[in-house]
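What follows is a single structure, written as structure tokens, with notes after it.
Reminder, nothing fancy here: chain letters follow the sequence lines and each chain counts from 1.
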Protein chains: 2
Amino acid sequence: MVDGKLQDHSTEEKIMDAAIKVFTQKGLAGARMQEIADEAGVNKAMVHYYYRSKQNLFENIFKKKVKELFRAISIILAADKSFEDKVRSFIETEIEVISQFPTLPLFVLNEAGKNPAILEEVFEEGGPKQMIGLFKMMVEHEVNQGNIRTISFEELLINIMSLCIYPFVARPILQFVLDKDDLDYKDMIESRKQTIADLIINDLFIKRDQ
Amino acid sequence: MVDGKLQDHSTEEKIMDAAIKVFTQKGLAGARMQEIADEAGVNKAMVHYYYRSKQNLFENIFKKKVKELFRAISIILAADKSFEDKVRSFIETEIEVISQFPTLPLFVLNEAGKNPAILEEVFEEGGPKQMIGLFKMMVEHEVNQGNIRTISFEELLINIMSLCIYPFVARPILQFVLDKDDLDYKDMIESRKQTIADLIINDLFIKRDQ
DNA sequence: GTCTATAGGCGGATAGAC
DNA sequence: GTCTATCCGCCTATAGAC
């Protein structure tokens with residue numbers, strides 16, 4: 001922070017990385033400042049020195065991570081592609097982003113569920129809400145043009161999100177009941193990029209309402 | 001417990017009900033024995049008197065709830081119905097059961113994620129694994145008969161679970177970004193009984209593999 | 001069975017030397 | 001900036017009177 005020299009990881013960054021790991025694994029209530037310090041290889045007092053309080057550090061991380069989750073998606077939707085390609089990219093990117101950090105969705109959903117008020121701060125600065133608006137316009141345009149069957153943007157959005165995200169959220173339980181090791185599970189998720197997209201797309205282009 | 005007289009709620013039951021409420025809202029780490037006692041309207045010492053320790057009370061509840069979630073489904077699958085009707089009943093029942101206790105899925109998924117070892121105890125006594133086996137046989141039979149397109153039972157199971165459960169898990173965040181009040185959200189979920197079933201069924205009966 | 005009181009330890013936060 | 005030592009409140013659990 002002080003000078004311009006390249007440091008692999010400043011203390012501040014080491015603490016942030018460690019805190020992300022511990023908070024996403026244990027949650028706000030389950031995390032311990034001592035564990036964050038140990039994970040970062042620094043003294044517990046340093047954690048307070050840089051981030052003041054546990055609550056403050058947590059909110060810091062929560063906001064940062066929610067924004068990351070939505071950023072990639074926004075870029076896809078704004079791209080110059082056909083509707084079908086956007087939907088396929090949407091799904092593929094969503095799965096790829098989450099694969100980088102598979103514990104993130106459960107972390108975010110869980111903490112948002114325990115303290116919904118925190119969402120209001122995070123969703124101020126346009127990001128997610130803007131993405132939703134963009135998606136809504138796209139879908140309604142396609143429906144009005146008769147390119148896809150009649151469907152609300154909400155239904156489509158929830159279907160896509162459900163199919164992409166749930167396998168990460170339910171991973172331990174699914175892996176257990178389906179007797180899959182880590183590699184099998186990764187392969188399964190990888191293959192879903194294709195199958196989810198096919199499921200969604202086929203549904204959209206089929207005539208259902210007479 | 002002692003005599004046969006009907007009591008609306010014995011102390012033991014009041015504590016259990018209170019503990020379910022607090023644990024499902026706050027999680028294991030976030031729950032407080034004092035809060036459970038207050039919620040039950042009894043003294044904190046009584047909670048320990050009946051259930052010994054926090055950990056013990058928690059595991060008690062966790063196991064009980066996981067079994068409840070799978071019981072209804074097992075009954076559906078064993079019923080004497082066509083495959084399509086079973087799938088439709090499966091979806092409808094799953095949504096209805098969870099609607100009775102909407103915070104349950106996130107609770108179970110979250111705690112299973114934090115301590116996967118707990119699953120091994122719960123899934124001993126046949127229930128869930130048996131249900132999976134039944135479902136697997138059903139799907140493979142339909143595929144072999146050529147009644148539905150080629151699909152693995154795992155893919156189908158995960159798709160159905162995802163579409164049914166995710167809206168409950170992500171409720172706070174979805175309700176927020178979609179600007180829905182509680183009633184709107186309930187209506188939306190209710191309508192999904194039909195739309196999810198249509199999506200799944202249409203996919204199964206379509207020829208995709210040439 | 002139900003209560004009060006308290007033990008005992010953990011964990012967040014800070015003071016203060018270096 | 002980094003460390004050690006310590007404060008203090010909170011929370012689980014139990015002892016013991018009634």
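For the pair A/K14 NZ and D/dG1 P, the computed distance is 13 Å after rounding to whole Å. If you take CG of B/N56 and P of D/dA13, they are 9 Å apart, rounded to a whole angstrom. To the nearest angstrom, P of C/dG12 lies 17 Å from CZ of A/R52. Computed from coordinates, the A/F23 CZ to C/dG11 C1' distance equals 13 Å when rounded to whole Å. Across the protein-nucleic acid pair, A/L57 atom CG and C/dG11 atom C1' stand 15 Å apart, rounded to whole Å. Between A/Y49 atom OH and D/dA5 atom P there is a gap of 21 Å when expressed in whole angstrom units. As a whole-Å value, the separation of B/L28 CG from D/dC11 C1' is 13 Å.
Considering only the side chain of A/Y50, D/dG1 comes nearest among D/dT12, D/dG1, C/dT2. For B/H48, the side-chain atoms get nearest to D/dT14 when compared with the rest of C/dT2, D/dT14, C/dA13.
Of the side-chain N and O atoms in B/T11, none sit less than 4.0 angstrom from OP1 or OP2 of C/dG1. For B/R32, a side-chain nitrogen or oxygen approaches OP1 or OP2 of D/dT12 to under 4.0 Å.
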Audit row: B/F168, B/I95, side-chain contact (heavy atoms from CB on, under 4.5 Å) steps and yes/no: CA-CA 9 Å; B/F168 291 96; B/I95 290 178; 4.3 Å; yes
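Looking at residues 33-45 of chain B, you'll see B/N43, B/A45 sit with a heavy atom under 4.0 Å from some atom of DNA chain C.
Residue contacts for B/A31: at a heavy-atom cut-off of 4.0 Å it reaches the sugar-phosphate backbone alone, with no base atom in range.
Shown here are the ring pair (Phe, Tyr, Trp, His ring centres under 6.0 Å) partners of A/F90, two or more places apart in sequence or in another chain: A/F135. In this structure, the salt bridge (Lys or Arg N to Asp or Glu O under 4.0 Å) partners of B/K21, at least two apart in sequence or on a different chain, are B/E39.
Within a 6.0 Å radius of NZ in B/K86, other residues, nucleotides and ligands contribute more than 12 heavy atoms.
Interatomic distance, B/M131 CE to B/F70 CZ, rounded to the nearest 0.5 Å: 5.0 Å.
Between the side chain of B/Y51 and the main chain of B/E12, a donor-acceptor pair closer than 3.5 Å is present.
A donor and an acceptor atom, one from each side chain of A/N115 and A/E111, are nowhere located under 3.5 Å apart.
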